Amino acid sequence: MSVIHLDNRLAHYEVFGRGQPIIFLHSWIGSWRYWVPIMDIASERHRAYAFDFWGFGESDRRGDQFTVLTYVEMLIQFMDRLGIVRATLVGHGMGGMVAILAAHQHPERFNRLLTVCTPLHGQVLAQHIKPGTLSRLLGMNTSQNGWVRMVRTLQVADAEIQQEIEEDTSSLSEKVLSQVHESLLETDLRPYIISLQTPLLAVYGGKDPIVNAAHAVFLNELAERPIQLVVLPKASHFPFLEQANTFGRLLLDFLVSQGTAIEIKEEWRRRVNQREYL
């Protein structure tokens, strides 16, 4: 376990491998821990970092600033503190929002962005969690824990990681979740994406009950931008856990691509469970 001080608060992070840096950013479900399978894949050729945002996992939970913009600042401080001049970002959900805003504000710091099941405008989440009901949904005060129950229905193949996601989600404070939720709803990335100069690969799950892939189809219309959209038809909200081999190949191909389209190739499919494609 590694920790550093950022803005007078402890930030927990982990690092695997050697090579060009990739920073993995978690969503508001879970923590850094669910990135481990993909970090293992990436670390064969790259130096893979992942940290817990403030209020999540093992990072400091003090303070009262738990917003997307605060996490952008935390990311830049993390890079500066560890001497990371330039990196590729991989962000899931909220982490993808942080990645896009960071690349907009500091385009010189980032080589590529890969976002996973990221809401490009926060209002897409409004149907799932309404303000003032977070304690009830998380099951903090009742056995009717709708949000954790939905997490349990997600198709995570590794039972241990599934348990960790549930524990990380249910342990969050209502204060953190309320501020993060409000920040997510207020965030609209579409104006920033239209002017984005950093290559972006946006990956979605075709069966995601939280962020429907249909809300990102406008990315296909941005032909003049270095932006690509890939939908994994059978994946839910955690494609990197549900189809780790396929996702890992997407990531590795994207890292070496020179403007060519990233596609799901037939040979990838033969390397994973054949039942996924029957």
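Everything numeric in this text was worked out from a predicted model, so none of it was measured.
- With a 6.0 Å radius and a threshold of 12 heavy atoms from other residues, nucleotides or ligands, Asn8 has its CG atom at or below the threshold.
- Atom CD1 of Ile100 is separated from atom CG of Leu120 by 5.5 Å, given to the nearest 0.5 angstrom.
- The two residues Leu172 and Gly55 have their closest heavy-atom pair at CD2-O, 3.3 Å.
- Side chain of Glu242 to main chain of Ser236: a donor-acceptor pair is present (N/O by atom type, distance under 3.5 Å, no hydrogens or angles).
- Of all non-hydrogen atoms in Pro226 and Leu196, the two that sit nearest each other are CD-O, 3.9 Å.
- Taking the six-membered ring where the residue is Trp, His12 and Trp32 present perpendicular rings, their angle passing 60° and hence far from 30°.
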Query raised in the report: After noting the C-alpha distance and the side-chain angles of Phe78 and Ile84, does the key distance pass the side chain to side chain contact (heavy atoms under 4.5 Å, CB included) rule?
Result: CA-CA 8 Å; Phe78 176 81; Ile84 303 172; 4.3 Å; yes
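- In this structure, a donor-acceptor pair under 3.5 Å is present between the side chains of His237 and Asp208.
- Annotation for Gly30 and Phe56: closest pair O-CD2, 3.8 Å, computed over non-hydrogen atoms.
- At a threshold of 4.5 Å between non-hydrogen side-chain atoms, the residues Met79 and His106 do not count as touching.
- Side-chain contact check for Tyr34 versus Asp168: every heavy-atom pair is 4.5 Å or farther apart.
- A donor-acceptor contact shorter than 3.5 Å is absent between the side chain of Arg112 and the backbone of Leu89.
- At least one side-chain heavy atom of Phe51 sits less than 4.5 Å from a side-chain heavy atom of Ile23.
- Of all the heavy atoms in Ser31 and Gly57, the pair that sits closest is CB-CA, 4.0 Å.
- Panel note: side chain Arg86, backbone Glu108; a donor-acceptor pair is recorded below 3.5 Å.
- Applying side chain to side chain contact (heavy atoms under 4.5 Å, CB included) to Met97 and the options Pro119, Ser183, Ser27 leaves one that passes, Pro119.
- A donor and an acceptor atom, one from each side chain of Glu73 and Gln77, are nowhere located under 3.5 Å apart.
- From Leu250, atom CG reaches atom CG of Asn245 across 11.5 Å, with rounding to the nearest 0.5 Å.
- By the rule that hydrophobic residues join a cluster once side-chain heavy atoms approach within less than 4.5 Å of another member, Tyr192 and Phe218 end up as members of one cluster.
- From His46, atom NE2 reaches atom CD1 of Ile41 across 12.0 Å, with rounding to the nearest 0.5 Å.
- Ring geometry, Trp28 versus His181: the interplanar angle falls under 30°, so the pair is classed parallel (tilted spans 30 to 60°).
- Side chain of Tyr204 to backbone of Thr118: a donor-acceptor contact under 3.5 angstrom is found.
- The shortest side-chain heavy-atom distance between Gln123 and Leu185 falls under the 4.5 Å cut-off.
- In this structure a side-chain-to-backbone donor-acceptor pair under 3.5 Å is present from Asp60 to Arg62.
- By the rule that hydrophobic residues join a cluster once side-chain heavy atoms approach within less than 4.5 Å of another member, Val217 and Leu201 end up as members of separate clusters.
- Annotation for Arg45: atom CZ does not count as buried by contact number, only 12 or fewer foreign heavy atoms lying within 6.0 Å.
- Centroid-to-centroid, the aromatic rings of Phe66 and Trp54 stay 6.0 Å apart or farther.
- Ser195 contributes atom OG, which lies 5.5 Å from atom NE2 of His104 (distance to the nearest 0.5 angstrom).
- Counting all heavy atoms, side chain and backbone alike, Pro239 lies closest to Phe247 at O-CB, 4.1 Å.
- Heavy-atom minimum distance, Leu229 versus Ala216: CD2-O, 3.6 Å.
- Atom CG of Leu255 is separated from atom CD of Gln20 by 10.5 Å, given to the nearest 0.5 angstrom.
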Requested in this report: Mind running side chain to side chain contact (heavy atoms under 4.5 Å, CB included) on Trp35 and His26 for me, showing each step along the way?
Outcome: CA-CA 8 Å; Trp35 285 119; His26 68 80; 4.0 Å; yes
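- Here the side chains of Leu75 and Phe110 are in contact, with some heavy-atom distance below 4.5 Å.
- Between the side chain of Ser43 and the backbone N or O of Asp40 there is at least one donor-acceptor pair closer than 3.5 Å.
- Leu82 places a side-chain heavy atom less than 4.5 Å from the side chain of Tyr49.
- Rounding to the nearest 0.5 Å gives a distance of 5.5 Å between OH of Tyr71 and CE of Met94.
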Query raised in the report: After noting the C-alpha distance and the side-chain angles of Ile38 and Val90, does the key distance pass the side chain to side chain contact (heavy atoms under 4.5 Å, CB included) rule?
Result: CA-CA 10 Å; Ile38 298 302; Val90 180; 6.0 Å; no
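- Ring orientation note: the planes of Phe238 and His92 are tilted relative to one another, at an angle of 30° to 60°.
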Query raised in the report: Where do Val230 and Phe254 land on the side chain to side chain contact (heavy atoms under 4.5 Å, CB included) test, with the steps shown first?
Result: CA-CA 11 Å; Val230 170; Phe254 180 55; over 6 Å; no
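- Side-chain contact check for Leu200 versus Thr115: some heavy-atom pair is nearer than 4.5 Å.
- Side-chain atoms of Val15 and Arg47, non-hydrogen and from C-beta on, do get closer than 4.5 Å to each other.
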